[in-house]
Peer 1: 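Take a look at this one; I'll ask things after.
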Amino acid sequence: MSVENTQKQQEVQAIIDQLEFKILKHAQQTIFKNREELMQEVKVLIVEKAYEMLDDEPMGFFEFIEKEILKEEIVF
């Protein structure tokens, strides 16, 4: 396992740890037998989105300017 991959795993785990209380809080609003499944589904979605965001390269300055200029030109 590469150092970069290990670092990503640690970052994703830190995100889940920070959201654990909120996940539990909202899961308690569901039926008891569905809570664990709901919590696992939410965590899976968080992991998927976190890896997606960590893999994305941030936009460069000129990419950002180009995107903003194109967005203004498209407005009718």
Side-chain angles (χ1 to χ4, degrees):
M1 188 174 290
S2 70
V3 173
E4 182 179 311
N5 198 14
T6 303
Q7 183 180 6
K8 284 182 184 179
Q9 283 182 342
Q10 291 172 347
E11 290 175 9
V12 171
Q13 185 61 48
I15 292 169
I16 291 174
D17 291 344
Q18 289 176 350
L19 295 173
E20 186 76 32
F21 178 73
K22 287 189 178 201
I23 294 169
L24 181 60
K25 179 181 171 185
H26 290 288
Q28 288 179 348
Q29 297 176 5
T30 63
I31 300 170
F32 181 74
K33 68 178 186 173
N34 295 338
R35 282 184 197 163
E36 193 64 35
E37 183 179 342
L38 176 64
M39 290 173 55
Q40 289 300 323
E41 287 179 23
V42 169
K43 288 178 184 179
V44 167
L45 290 173
I46 291 170
V47 169
E48 289 173 356
K49 192 53 134 173
Y51 273 109
E52 188 178 305
M53 291 174 65
L54 289 171
D55 287 340
D56 287 346
E57 290 290 322
M59 272 193 278
F61 175 76
F62 292 106
E63 293 171 326
F64 176 75
I65 297 297
E66 185 177 296
K67 179 182 174 188
E68 291 301 311
I69 291 172
L70 288 176
K71 184 167 64 170
E72 291 176 7
E73 291 176 359
I74 293 174
V75 174
F76 293 98

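Computed from a predicted structure; not experimentally measured.
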Peer 1: Which residues, ordered by chain and number, are linked to Leu24 in its hydrophobic cluster, where ILVMFWY side chains connect at heavy-atom gaps below 4.5 Å, directly or through other members?
Peer 2: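 Besides Leu24, the cluster holds Val12, Ile15, Ile16, Leu19, Ile23, Leu38, Met39, Val42, Ile46, Val47, Tyr51, Leu54.
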
Peer 1: Once you round to the nearest 0.5 Å, how far does NE2 of His26 lie from CZ of Phe21?
Peer 2: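 Atom-to-atom, His26:NE2 and Phe21:CZ are 9.0 Å apart.
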
Peer 1: Taking transitive links into account, so neighbours of neighbours count too, which hydrophobic residues share a cluster with Val44 at under 4.5 Å side-chain distance?
Peer 2: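 So far as hydrophobic clustering goes, Val44 is joined with none.
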
Peer 1: Could you check whether atom CD1 of Ile31 has more than 12 heavy atoms from other residues, nucleotides or ligands sitting under 6.0 Å from it?
Peer 2: no

Peer 1: Working to the nearest 0.5 angstrom, can you tell me the gap between Gln10 CD and Gln13 CD?
Peer 2: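 Gln10 CD to Gln13 CD: 9.5 Å, rounded to 0.5 Å.
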
Peer 1: Could you walk me through whether Glu48 and Glu52 pass the side-chain contact (heavy atoms from CB on, under 4.5 Å) test, one step at a time?
Peer 2: CA-CA 6 Å; Glu48 289 173 356; Glu52 188 178 305; 6.0 Å; no

Peer 1: Sequence neighbours left out, what pairs pass salt bridge (charged side-chain N to carboxylate O under 4.0 Å, His left out) with at least one residue falling in residues 8-27?
Peer 2: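 For residues 8-27, and leaving out neighbouring residues, the salt bridge (charged side-chain N to carboxylate O under 4.0 Å, His left out) pairs sorted by first residue read Glu4-Lys8, Lys8-Asp55, Glu20-Lys43.
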
